[in-house]
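Remarks on the structure that follows.
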Amino acid sequence: MKRVLEGSHAVAEAVRLAKVQVISAYPITPQTHIVEILSQYCTNGTMKAKFLRVESEHSCMAALIGAQSVGVRTFTATSGQGLALMHELLHWAAGARLPIVMAEVNRALAPGWNIWVDQTDSLAQRDTGWIQMYCEDGQEVLDSTIQAFLLAETVNLPVMIVLDAFYLSHTYEPVDVPEPEEVDRFLPPFAPKFQLDTAQPCAFGSLVGPGDYMDMRYQIALAMDDALIRFGDVEDAFAALFNRRYGPVEAIDCADAEIIFITSGTVTSTCRLALQELRAQGEKAGILKIKLFRPFPVDRIRKELQAAKKIAVIDRNFSFGASGIFAQELRAALCNTPRHPVVFGYVAGIGGRDVTPELLKEIYWLTKNSEVPQKESIWMGIQEVKYAD
Amino acid sequence: MPTDVLDRELVHSGHVGCPGCGATIAMRFVLKALGEKTIMVLPACCWSVIAGPYPQSALKIPVLHAAFETGGATATGVRAALDMKGDTETTVLTWAGDGGTFDIGFQSLSGAVERDENFIYVCYDNEAYMNTGVQRSSSTPYGAWTTTTTGKDWKKLRKKNIVEALVAHRIPYAATASIAFPEDLLRKAQKAKNMKGSRFLHIYASCPTGWRIPSEMSIKIARMAVQTNIFPLYEVEEGLRYTINYRPKEYLVREYFRLQGRFKHLTEKDLDQIQQMVNEDWELLLRKAGEHV
C-alpha cells in the first residue's frame with residue numbers, strides 16, 4: 001500500500017515488517033524519529049519485540065551483541081557522534097559474525113555541533129567489517145532495510161543502512177509499504193547458525209592466538225566477498241516478489257558518457273536533474289550511483305566506467321590529509337585496469353550545505369575543461385580565507 | 001555448608017589461573033550456587049584469560065566474552081533475548097573484575113541497574129588491573145603500591161565504595177562476600193539466584209601476584225580483610241535494609257598490611273591513619289544498619 005512516509009518512518013516500517021525481536025536505542029538527532037516509532041510499536045503491541053532504553057550508544061551496540069548471540073533478530077539506529085562512540089563494538093559485532101542491522105543517519109561530527117548531513121561518520125567505519133548500503137530515497141530505504149536482514153543472516157555479517165540527515169530522514173515521500181505476509185515470504189524467521197545455549201555450553205570470543213586469529217579474520221574477508229554475490233541473490237528474490245531492484249551500483253546514461261558523475265545518497269537525485277539538463281544541451285554525461293560501499297563492487301564499477309574519459313566523484317565527506325573517501329576508493333578500484341578514466345574529486349555539501357543542480361553542473365564544466373585534476377579533491381564553494389599569523 | 005549446593009564442578013581443573021588465585025576460587029563457589037542453567041557475560045578481566053584460549057573453555061556453562069566496559073549492557077541484551085524466547089529460567093550472570101566494574105564498566109553497570117535488568121552482576125575484586133600487570137584502579141585501597149603508583153606516589157586516595165554506589169540505585173540486592181567465608185558466599189549467591197531484578201555481589205578475591213603475597217596466604221589474607229573490618233561482610237536489600245553478617249574480633253589493620261608486599265613502604269604513622277579510616281567506615285556502616293549507639 002502506498003503511504004506518504006518520512007525516510008525515518010520508512011526504516012521503522014521495514015523493521016516492523018522484519019519482525020525484529022530486540023531493539024536497543026539511545027537518542028541522537030536526526031535518528032530519533034526512527035526509534036520513537038519503534039518504541040511505540042513495542043508498547044502498543046504492533047511489534048512483539050523488546051525495546052531496550054539503554055544509557056549510551058556504546059551500551060546500545062553491546063546489548064545487541066548480547067541479544068543477537070542468544071539467537072534473535074536485532075536492530076538499532078544512530079547518527080554521527082553515536083556511531084563514533086559505537087566504533088569499538090562495530091568491530092566486535094562483525095568479528096563475532098553477528099547479523100545485526102543498523103540504520104545510520106549521516107550526521108556531521110563535532111566540533112562545532114552540527115546535526116546536518118555529512119558522510120564522514122559512516123565512512124570512518126569502513127574497516128569495521130560492516131556491510132554498508134547508501135540509500136537515495138524513502139522507497140530504497142524501506143526495501144534495503146528489509147533486504148538487509150536476509151543478507152546479514154545469510155553471510156553472518158552486520159549491515160548498516162545509511163541515509164542522509166534531513167534530506168532523507170525527515171523528507172516525506174510516497175512509499176510502497178508491503179503487506180506483512182508478502183515480507184514473510186521473502187524473509188523467513190531468523191535461524192541462527194550458533195547461539196548461547198545452556199544445553200550446549202560454548203565460549204564465544206575467547207582468547208585466540210595469532211594462528212587461529214588470522215584464519216578467523218580471513219573467514220570474515222571471504223564472507224564479505226560472498227556478500228557481493230549474495231547481495232545479487234537477495235535482490236533477485238526481492239524483485240521477484242516486489243518488482244523493485246537497485247543494484248550494487250546504478251548506471252544512468254553511462255553507455256555513451258564521456259564524463260560520469262560518481263554519487264551516493266540524496267545527491268544522486270539532484271544529479272539526475274543536472275544530468276537531464278546537461279543531456280538536453282548535448283553533453284555526453286552520465287551518473288554512476290554507488291549504493292553498496294562494503295563490499296565495494298569493484299568489478300561492476302570497472303565495467304561501467306571502462307568507456308568514460310573522466311569521472312567526477314562527489315564526496316560529502318573528507319579524509320584529512322588524503323582526499324574525499326569515495327574518490328580514494330574509485331582511484332584504488334581503477335588503477336590496475338589497463339585503461340581507465342581520469343579521476344576528478346570534488347568535496348561538496350559538507351555539514352549539510354546544499355548541493356544544487358547548479359553546483360553539480362559547475363563540477364561538470366570544471367571536469368570537462370581540465371586535462372588533469374589540479375588537486376586530489378577540490379572543495380566546492382569555499383571562500384579563500386587568508387589567516388593572520 | 002548448605003546442602004543443596006552442586007557437588008559437580010562447573011570450573012574445570014584446566015583453567016590457567018595463577019596458584020592461589022582468589023578469582024578462581026570465587027568462580028568455583030558462585031557457579032556451584034547458580035548451577036548449569038546460567039549464561040555468563042565475561043567482560044575483559046583476569047578471567048578472560050583464566051577461562052582458557054580458543055578452542056578450549058574451563059567453564060561448563062555458555063560464556064560470552066564481552067568488551068571491557070559492557071558488562072551491564074551485554075547482559076541486558078542476553079536477558080532480553082532469552083525473555084523473547086520465553087526462557088525466564090536461565091540465570092544471566094555478568095562476571096567482572098574491579099576495573100571492569102568500578103572504572104570502565106561503571107556507566108554500563110549503573111545503566112543496567114537503574115533499568116532493574118533481571119541479572120546477577122558479580123565483581124571479583126583484586127584491587128587493581130591485575131591482568132595487565134598490577135596497575136591502580138579506583139578499587140585500589142589507600143596505601144597500596146601498584147605499577148602505576150610506585151615509590152612515594154603510593155595511592156593516597158580511598159577505594160571507591162562500589163556497594164554504596166549501587167545501594168544508591170535502590171538495587172534489590174547488594175552484598176559483599178569473601179572467598180575465605182564460603183558458607184556466607186554460597187548463601188548469598190543462592191539468595192541472589194532466587195531473586196528477580198538487578199543483584200550485585202562484591203567478592204573480595206586475593207591476588208598473590210599483585211599483592212606480593214605467597215600463594216598459600218591467599219585465603220588467610222582474605223579472611224583477615226574481613227576480620228579487620230577492612231572488608232566487612234554485609235548485605236543490603238532494596239537499597240534500605242542493611243544486615244551485617246560478621247562481627248570481627250578486634251584484629252588490627254596493621255597485621256593485615258604487614259603481611260603484604262604491596263604495603264611494605266607504609267610507616268607506623270601511615271598505618272595508624274589507615275586504622276582510623278577503617279574505624280570510620282565501620283562506624284558509618286553500623287549507623288546505616290541502625291546499630292550505632
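Chain A is the first sequence line, chain B the second, and so forth, proteins listed ahead of strands; every chain is numbered from 1. Being a predicted model, the structure only gives us computed values, none of them experimental.
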Checklist entry - Can A:R53 and A:S39 be said to form a side chain to side chain donor-acceptor pair (under 3.5 Å), step by step? => result CA-CA 9 Å; A:R53 296 159 182 92; A:S39 171; 3.2 Å; yes
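- Side-chain N or O atoms of A:R97 include one that pairs as donor or acceptor with a backbone N or O of A:N156 at under 3.5 Å.
- The side chain to side chain donor-acceptor pair (under 3.5 Å) test with A:H87 is passed by exactly one of A:Q125, A:H58, A:E57: A:Q125.
- Between B:W95 and B:Y124, the ring planes are parallel. Angles under 30° get that label, and only those over 60° would be called perpendicular.
- Both the backbone and the side chain of B:A80 have a heavy atom closer than 4.5 Å to some heavy atom of chain A.
- B:T90 touches chain A through its side chain: at least one heavy atom from C-beta onward sits under 4.5 Å away, while N, CA, C and O do not.
- Only the side chain of B:D83 comes within contact range of chain A, judged by heavy atoms closer than 4.5 Å.
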Item to check | Test salt bridge (Lys or Arg N to Asp or Glu O under 4.0 Å) applied to A:E153 and A:K193, step by step | outcome: CA-CA 9 Å; A:E153 291 162 16; A:K193 298 183 182 81; over 6 Å; no
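- When each of A:S206, A:A199, A:S24 is scored by its heavy-atom pairs under 4.5 Å with chain B, the top score falls to A:S206.
- Under a cutoff of 6.0 Å and an axis angle of 45°, B:K160 and B:F106 form a cation-pi pair.
- Of the residues A:Q147, A:M133, A:R294, the one that meets the side-chain contact (heavy atoms from CB on, under 4.5 Å) test with A:V159 is A:M133.
- Taking the six-membered ring for Trp and thresholds of 30 and 60 degrees, B:F119 and B:Y121 have ring planes more than 60 degrees apart, a perpendicular arrangement.
- If you look at B:Y54 and A:Y213, their ring centroids are not closer than 6.0 Å.
- Two rings, from B:F200 and B:H169, have their centers 6.0 Å or more apart.
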Next on the checklist: Would B:R170 and B:E238 count as a salt bridge (Lys or Arg N to Asp or Glu O under 4.0 Å) here? Give the steps.
Outcome noted: CA-CA 5 Å; B:R170 294 286 184 98; B:E238 302 299 336; over 6 Å; no
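- Contacts between A:D212 and chain B at a heavy-atom distance below 4.5 Å involve the side chain alone, from C-beta outward.
- Only the side chain of B:S57 comes within contact range of chain A, with heavy atoms under 4.5 Å apart.
- With a 4.5 angstrom heavy-atom cutoff, A:V22 touches chain B only via side-chain atoms.
- Per-residue heavy-atom pair counts under 4.5 Å with chain B were compared for A:M216, A:Q68, A:Q200, and the maximum is reached by A:M216.
- Taking chain A as the reference chain and counting heavy-atom pairs below 4.5 Å, the highest number among B:E117, B:E114, B:K37, B:M84 is found for B:M84.
- Residues of residues 58-74 of chain B that come closer than 4.5 Å to chain A, counting heavy atoms only, are B:K60, B:I61, B:P62, B:V63, B:L64, B:H65, B:A66, B:A67, B:E69, B:T70, B:A73, B:T74, ordered by residue number.
- Counted by atom type alone, B:Q135 and B:T132 present one or more donor-acceptor pairs between their side chains at under 3.5 Å.
- Put simply, of A:L64, A:I65, A:V72, the one with the most heavy-atom pairs under 4.5 Å next to chain B is A:V72.
- Interface check for chain B: of the options A:G71, A:A67, A:S59, the most heavy-atom pairs under 4.5 Å are formed by A:A67.
- Using a 4.5 Å cut-off between heavy atoms, B:E36 contacts chain A through its backbone alone, with no side-chain atom that close.
- For a residue to count as touching a neighbouring chain, one of its non-hydrogen atoms must lie under 4.5 Å from one of that chain's; by this rule B:S110 does not touch chain A.
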